[in-house]
Peer 1: 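I'd like to ask you about the structure that follows.
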There are 2 protein chains.
Amino acid sequence: MKDILEQLKNKGYKLTQPREKVLGILLHNHTALSVQDIHKKIDSVDKASVYRVLNLFEELGLVNIENFNNEKLYCLTRDPHHHIICKKCGYSEEVPCTYEHHDFNNFDNVQHQMTLTGVCNNCNK
Amino acid sequence: MKDILEQLKNKGYKLTQPREKVLGILLHNHTALSVQDIHKKIDSVDKASVYRVLNLFEELGLVNIENFNNEKLYCLTRDPHHHIICKKCGYSEEVPCTYEHHDFNNFDNVQHQMTLTGVCNNCNK
DNA sequence: TTTACTATTGCAAATCATTCGCAATTGTGA
DNA sequence: TCACAATTGCGAATGATTTGCAATAGTAAA
Ligand SMILES: [Mn+2]
Ligand SMILES: [Mn+2]
Ligand SMILES: [Zn+2]
Ligand SMILES: [Zn+2]
């Protein structure tokens, strides 16, 4: 927590309520959270600000993003990992990243985002 | 082409103009196309119908989907592959899929979707 | 071929996620 | 404490995707 807040400050960003609160939620959750999920947990912060904070975190490489059902899901970048999401109920778990980057012809600065989907055993009757 | 059309018919789906035209475009393109991309190439078909056709193709497992800039990109499922997309200009290339599925704890019917992003050498000055 | 029936389409309106403009507020360093 | 720029909240705009419904077009049987 302090780590990342220091990091923000050193780069010239202010330490604001929205930034601290969103960060707090990401720290206490290892699941993939949508903007709406995050916003529900802090109605003191406007949804537009949640978007702005997450966009900043993305620029700074603090979060990784996955897509599911036409919305972005956010999770702090700790050890490289992805998520497996139940397509019936939305339940998600972390999955360590095993992807090894090749040398891509003519592309620089390559990143990847992966989402696994399936049916959790709860939803499997 | 005939292959897939037969397949549709055998499952009880009608062989309609929108379905044939969208399929035609997907067959002639190995890049990842958005609904808007596809729609531009066939203004004789309403955009809502393009969405419906692609949703059907998705259900039937005919296409794989990636996300980029808040929109879905579609490509026919031929050999398993993904795309690497230039985040500056949108140019994309195919990349063979090398991902090996593990055994996921409690999940069945696991699928994955991956998108690579980077900067193409054209955009690299 | 023609008919009859239903799936599918086009169109316009509705949804839903995400972004934006702008005036009011807040964090920071002096 | 002050001054000023960065950031927020709010409401409106945007853009992708979905939906309701009446009109249309495949299909299979007559
Ligand atoms: Mn996680
Ligand atoms: Mn392709
Ligand atoms: Zn489930
Ligand atoms: Zn490029």
Side-chain angles (χ1 to χ4, degrees), chain A residues 2 4-25 32-60 62-63 65-75 85 87 90 113 115, chain B residues 2 4-25 32-60 62-63 65-75 85 87 90 113 115:
Chain A
K2 303 263 173 175
I4 298 181
L5 291 180
E6 282 302 312
Q7 200 176 320
L8 283 177
K9 194 160 194 174
N10 292 335
K11 292 187 179 169
Y13 295 102
K14 292 183 179 175
L15 259 45
T16 65
Q17 296 279 337
R19 288 172 182 162
E20 294 190 17
K21 294 205 173 156
V22 170
L23 178 57
I25 289 172
L33 297 172
S34 70
V35 168
Q36 338 296 319
D37 292 334
I38 295 171
H39 182 243
K40 271 182 214 140
K41 298 173 186 281
I42 37 171
D43 40 320
S44 63
V45 175
D46 190 78
K47 199 184 286 183
S49 299
V50 176
Y51 275 103
R52 284 186 281 232
V53 169
L54 290 169
N55 285 343
L56 174 64
F57 287 2
E58 178 183 5
E59 279 175 30
L60 299 179
L62 296 176
V63 292
I65 304 181
E66 302 178 33
N67 277 92
F68 184 66
N69 275 157
N70 297 322
E71 66 185 332
K72 291 184 175 179
L73 304 182
Y74 295 82
C75 185
I85 308 175
K87 58 183 80 159
Q113 81 81 206
T115 307
Chain B
K2 302 261 174 178
I4 298 181
L5 291 180
E6 282 302 314
Q7 200 176 322
L8 283 177
K9 195 161 193 172
N10 293 335
K11 293 188 178 172
Y13 296 101
K14 293 183 178 174
L15 258 45
T16 65
Q17 296 278 339
R19 287 172 183 161
E20 294 191 16
K21 294 204 172 156
V22 170
L23 179 58
I25 290 172
L33 297 173
S34 69
V35 168
Q36 339 294 320
D37 292 335
I38 295 172
H39 182 242
K40 270 182 216 140
K41 298 172 186 282
I42 37 172
D43 41 320
S44 62
V45 175
D46 190 77
K47 198 184 285 181
S49 300
V50 175
Y51 275 104
R52 283 185 282 231
V53 169
L54 290 169
N55 285 343
L56 174 64
F57 287 2
E58 178 183 5
E59 279 175 30
L60 300 179
L62 296 176
V63 291
I65 303 181
E66 301 178 34
N67 277 93
F68 185 65
N69 275 156
N70 297 323
E71 67 185 331
K72 290 184 175 179
L73 304 182
Y74 296 84
C75 185
I85 307 175
K87 59 183 82 161
Q113 80 82 204
T115 307

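Treat the numbers as computed from the prediction; the structure is a model and nothing was measured.
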Peer 1: When you check the phosphate oxygens OP1 and OP2 of dT19(C), does a side-chain N or O of Tyr51(A) lie under 4.0 Å from one of them?
Peer 2: no

Peer 1: Is the backbone of Val45(B) close enough, under 3.5 Å, to the side chain of His39(B) for a donor and an acceptor to pair up by distance?
Peer 2: yes

Peer 1: Output the distance between atom OG (Ser49(B)) and atom CG (Leu54(B)), rounded to the nearest 0.5 Å.
Peer 2: 10.5 Å

Peer 1: Whole-Å distance between dA17(C) C1' and Asn69(B) CG?
Peer 2: 14 Å

Peer 1: By nearest heavy atom, map Ala48(B) and Lys14(B) onto DNA chain C; which one lands nearer the 5' end?
Peer 2: Lys14(B)

Peer 1: Could you check how far CG of Leu56(B) sits from C1' of dT8(C), rounded to whole Å?
Peer 2: 11 Å

Peer 1: What is the distance, rounded to the nearest whole Å, between atom CG of Asn67(B) and atom P of dA17(C)?
Peer 2: 14 Å

Peer 1: Whole-Å distance between dT18(C) C1' and Asn70(A) CG?
Peer 2: 12 Å

Peer 1: With a non-hydrogen cut-off below 4.0 angstrom, is Arg52(B) in contact with a base, only sugar-phosphate, or nothing?
Peer 2: base

Peer 1: To the side chain of Leu15(A), which of dG9(D), dT17(D), dT28(C) is closest?
Peer 2: dT28(C)

Peer 1: Find the distance Lys47(A):NZ to dA13(D):P and express it as a whole number of Å.
Peer 2: 18 Å

Peer 1: Determine yes or no for a side-chain-to-main-chain donor-acceptor pair under 3.5 angstrom, with Asn55(B) supplying the side chain and Arg52(B) the backbone.
Peer 2: no

Peer 1: Taking the side chain as everything from C-beta on, heavy atoms only, tell me whether Asn67(B) gets closer than 4.5 Å to Phe68(A).
Peer 2: no

Peer 1: If I take atom CG in residue Asp37(B) and atom P in nucleotide dT17(D), what distance separates them, rounded to the nearest angstrom?
Peer 2: 11 Å

Peer 1: Tell me whether the side-chain N/O atoms of Thr16(B) come closer than 4.0 Å to OP1 or OP2 in dT9(C).
Peer 2: yes

Peer 1: Give the rounded distance in Å between these two atoms: CD of Gln36(B) and C1' of dT18(D).
Peer 2: 13 Å

Peer 1: Quick one: which of dC10(D), dA28(D), dA6(D) gets closest to the side chain of Asp46(A)?
Peer 2: dC10(D)

Peer 1: Need to verify one output field. Residue with the more 5' nearest nucleotide on DNA chain D, Tyr74(B) or Tyr13(B)?
Peer 2: Tyr74(B)

Peer 1: Could you check how far CG of Asn55(A) sits from C1' of dA17(C), rounded to whole Å?
Peer 2: 12 Å

Peer 1: Which distance, rounded to the nearest 0.5 Å, do you find between the CG of Leu8(A) and the CD of Glu20(A)?
Peer 2: 9.5 Å

